[in-house]
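Heads up: the structure comes next, in C-alpha cells.
All values below were derived from every heavy atom in this structure, side-chain atoms included, with hydrogens, water molecules and symmetry-related copies excluded.
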Amino acid sequence: MRNKILVSFSFLFLNLLFVNAQTAYYPDTVWKVKTPTQMKMDGLMIDSAVNFAMTHENKVEKDLRIANLKAYSNEPGYKIIGPMKERGGAAGLVIKNGYIVAQWGDIFRVDMTFSGTKSFLSTTAGLAIDDGLIKNVSDKVINYVWDGTYEGEHNSKITWDNLLTQSSDWSGTLFDLQDWADRPPKEGDIDDWKNRKLNEPGTVFKYNDVRVNLLAYSLLQVWRKPLPVVLKEKIMDPIGASTTWRWYGYDNSFVNIDGLMMQSVSGGGHHGGGIFISAIDQARFGLLFLRNGKWENRQLISEKWVKAAHQSSTANKDYGYMWWINASQKWKDVSSGIYFAEGFGGNFIVIDNEHDLVVVARWMDDGKMGDFMNLIEQSINTKSK
C-alpha cells in the first residue's frame with residue numbers, strides 16, 4: 001500500500017512539473033503584451049514606475065565620446081580605439097511571468113550597453129564550461145593560454161574564477177592598454193601605480209576593463225572562433241533575438257587564430273566597442289537567465305552555470321561572474337536575491353526570480369535605480385495583499 005502511495009505521489013509530482021514546463025511562456029517573433037492587472041500587478045504603480053524612469057534619465061552626454069573622455073580623463077594615455085555611437089533616450093521594459101506588462105521609449109533602438117557586455121561575456125565562459133572546453137573555473141588559465149600572457153610568478157597563478165570575479169590583479173599590457181592605467185587610485189602617481197604591490201589572485205576585487213578584455217582574449221584562444229559567433233549561434237539566435245545587435249573590439253585587437261585574423265572583443269565600452277543592442281533583445285537575454293538557462297524545451301546554458309554566475313564571490317559579495325548582486329542591499333527595500341547586468345550611463349538588465357520578473361532600463365539615473373525597482377516590486381506586493 002505504501003509503495004502504491006509513493007508511486008502515485010511521484011506521478012503527481014512529475015505531472016505538475018510537466019504542466020509547469022508547458023505553461024511557462026516564451027516569446028516567439030511577436031512578444032505578447034498583458035496588462036498589469038492580468039499579471040496581478042497594480043496598474044497605477046506600474047504607470048508611476050514608467051513615469052519615474054522617463055523623468056529620471058541619466059545626465060550623461062548624448063555624444064558618448066564626450067562622456068567617455070570626461071569620465072576617464074584621469075587615466076594616463078586614455079584613448080578611444082573602438083566604435084562608439086550617440087545614445088538614445090530613456091527606454092525599457094517590465095517583463096512579468098514572461099509577458100510584457102510595460103514599456104517606454106524606443107525599445108528597438110540599438111545602443112551601446114557598456115559594462116552590461118560583461119554579463120554576455122561571462123556567458124561565453126559558461127558555455128565553454130558546459131562544452132568541456134574549460135574543465136573547471138578553478139583551473140589556471142596558463143594551462144589553456146600558453147603564449148606568454150600568463151607568464152611570471154604572479155600571473156601564472158590566475159584562474160578562470162579570478163578573471164570572472166575581477167579579482168585576478170593580472171599585471172601587463174593588452175592591446176597597448178596597461179592594467180595599472182585603468183581607473184588608477186586617487187593617491188600617488190604613475191610610478192606608484194606601475195610599481196604597486198600585487199594582490200594574491202582571488203583576494204581583492206578591482207573593476208578593471210583591461211583584465212576583462214584579457215578574459216575575452218583568453219576565451220577566444222579556447223573557442224578558436226569569434227565570441228560574437230559563439231554568442232549568436234548558442235544564445236541569441238535560439239532565444240529569437242533580432243539581427244541588429246553587434247559586439248565589437250578595438251581597432252588593434254585582431255589576433256591570429258589558426259591562420260585566421262579574428263577580433264578579440266571588449267567587455268565594455270571603456271575605450272569604445274562592447275555590445276551594441278536594443279532593449280528588447282536585452283529583455284530576451286534576461287528572460288533566458290530568469291528561466292535558469294532554458295528556452296522552451298532547450299537548455300541553452302546549464303542551470304548550474306546560471307546559479308553559479310550570481311553567487312557572491314570571495315572578494316566581493318555584491319559581485320558574481322560578471323553579474324552584480326543586491327546582497328548587501330545597495331538598492332534598499334528591494335529583494336536581496338536579485339542580480340543584474342549594469343553598464344555605464346544607466347544600462348540595466350535585472351533578474352528577479354522571486355517575482356518572476358525581468359526589468360530592462362536604458363539610460364536610467366544610476367542613483368535612482370533602487371527606487372525604480374522598489375516601485376515595481378511594490379506593484380506586485382500591493383496587488384497580492
Side-chain angles (χ1 to χ4, degrees), residues 49 52-53 56 58 71 92 94 113-123 125-126 137-138 159-169 182-183 185-187 199-209 211-212 215 267-268 270 282 285-286 289-290 292 304-381:
F52 186 91
H56 288 84
N58 202 293
V94 177
T113 198
F114 287 91
S115 286
T117 303
K118 292 176 175 59
S119 301
F120 290 84
L121 174 60
S122 79
T123 300
V137 289
S138 62
T159 66
W160 293 102
D161 182 271
N162 300 153
L163 292 177
L164 285 159
T165 57
Q166 298 217 53
S167 61
S168 72
D169 207 14
D182 189 306
R183 300 174 178 86
K186 293 180 180 178
E187 310 81 25
N199 298 298
E200 187 69 14
T203 62
V204 177
F205 174 83
K206 176 65 168 66
Y207 206 79
N208 185 289
D209 275 273
R211 297 182 191 126
V212 171
L215 172 62
H270 191 102
Q282 286 182 323
F285 182 73
F289 274 78
L290 183 71
N292 293 313
K304 181 179 179 181
W305 176 263
V306 172
K307 289 182 176 179
H310 60 93
Q311 296 301 308
S312 295
S313 57
T314 302
N316 185 347
K317 70 176 183 179
D318 288 327
Y319 202 70
Y321 287 159
M322 297 192 173
W323 288 88
W324 290 98
I325 309 161
N326 198 38
S328 62
Q329 298 232 267
K330 177 184 175 182
W331 294 350
K332 296 178 181 178
D333 302 317
V334 176
S335 171
S336 61
I338 69 168
Y339 63 103
F340 53 96
E342 179 180 0
F344 174 75
N347 286 277
F348 295 90
I349 307 172
V350 183
I351 317 298
D352 183 345
N353 289 102
E354 180 185 345
H355 298 104
D356 202 359
L357 193 69
V358 174
V359 178
V360 173
R362 311 299 306 268
W363 314 115
M364 165 72 84
D365 181 341
D366 308 66
K368 299 295 183 180
M369 190 63 189
D371 296 332
F372 172 63
M373 282 302 303
N374 189 31
L375 281 172
I376 296 173
E377 286 196 351
Q378 280 188 27
S379 76
I380 301 168
N381 295 333

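With values rounded to the nearest 0.5 angstrom, Ile380 atom CD1 is found 11.5 Å from Leu375 atom CG. The structure places NZ of Lys304 at 14.5 Å from CG of Asn292, a figure rounded to the nearest 0.5 Å. With rounding to the nearest 0.5 Å, the separation of NZ in Lys368 from CG in Asn374 is 12.5 Å.
Residues Asp366 and Glu342 meet the side-chain proximity criterion, which asks for heavy atoms closer than 4.5 Å. Residues Ser138 and Asp161 form no side-chain contact, since every pair of their non-hydrogen atoms from C-beta on lies 4.5 Å or further apart. Between Ile338 and Ile351 there is no side-chain heavy-atom pair separated by less than 4.5 Å. Contact of the Thr123 side chain with the Phe285 side chain is registered, since non-hydrogen atoms from C-beta on lie closer than 4.5 Å. Between Thr314 and Thr203, every side-chain heavy-atom pair lies at or beyond the 4.5 Å cut-off. Residues Tyr321 and Thr165 are in side-chain contact: their nearest non-hydrogen atoms beyond the backbone lie under 4.5 Å apart. When side chains are defined from C-beta on, Asp333 does not count as touching Gln378, because their heavy atoms never get closer than 4.5 Å. In this structure, the side chains of Asp352 and Val358 stay at 4.5 Å or more apart for every pair of heavy atoms.
Under the salt bridge (Lys or Arg N to Asp or Glu O under 4.0 Å) criterion, Asp209 pairs with Lys118, Arg183, sequence neighbours left out. With sequence neighbours excluded, the residues satisfying ring pair (Phe, Tyr, Trp, His ring centres under 6.0 Å) with Tyr319 are Phe205, Trp324.
The ring-ring contact (aromatic ring centres under 6.0 Å, His included) test with Trp323 singles out one residue from Trp305, Phe289, Phe340, and that residue is Phe289.
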With side-chain contact (heavy atoms from CB on, under 4.5 Å) as the test, would you mind laying out the steps for Leu215 and Leu121 before giving the verdict? CA-CA 8 Å; Leu215 172 62; Leu121 174 60; 4.0 Å; yes

Please walk me through it: do Phe52 and Asp365 pass side-chain contact (heavy atoms from CB on, under 4.5 Å)? CA-CA 10 Å; Phe52 186 91; Asp365 181 341; over 6 Å; no

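For the 3.5 Å distance criterion, the side chains of Thr113 and Gln282 qualify, holding a donor opposite an acceptor. Side chains of Ser336 and Gln329: a donor-acceptor N/O pair is absent below 3.5 angstrom, by distance only. Asp318 and Asn326 are not linked by any side-chain donor-acceptor pair at a separation below 3.5 angstrom, with hydrogens and angles left out of the test. Remark: the Asn316 side chain and the Ser313 side chain contain no N/O donor-acceptor pair separated by less than 3.5 Å.
Ion pair Asp169/Arg211 flagged as a salt bridge, since at least one NZ, NE, NH1 or NH2 atom sits closer than 4.0 Å to an Asp/Glu carboxylate oxygen.
For Lys206, the NZ atom is densely surrounded, since the number of other residues' heavy atoms within 6.0 Å is greater than 12.
With hydrogens and angles disregarded, no donor-acceptor distance shorter than 3.5 Å links the side chain of Ser115 to the backbone of Gly268.
Every pair passing ring-ring contact (aromatic ring centres under 6.0 Å, His included) that includes a residue from residues 347-369 is listed here, sequence neighbours excluded: Trp331-Phe348.
Contact record, Asn208 with Gln166: N-OE1, 2.9 Å, taken as the closest heavy-atom pair. For the residue pair Ser328 and Lys317, the shortest heavy atom distance occurs at CB-CE, 3.5 Å. Between Ala125 and Leu164 the shortest heavy-atom distance is CB-CD2, 3.9 Å. Taking every heavy atom of both residues into account, Ser167 and Ala315 meet most closely at CB-CB, 3.9 Å. The shortest non-hydrogen separation linking Asn162 to Pro201 is OD1-CB, 3.3 Å. Contact between Glu377 and Ser335 at its shortest, heavy atoms only, is OE1-N, 3.2 Å.
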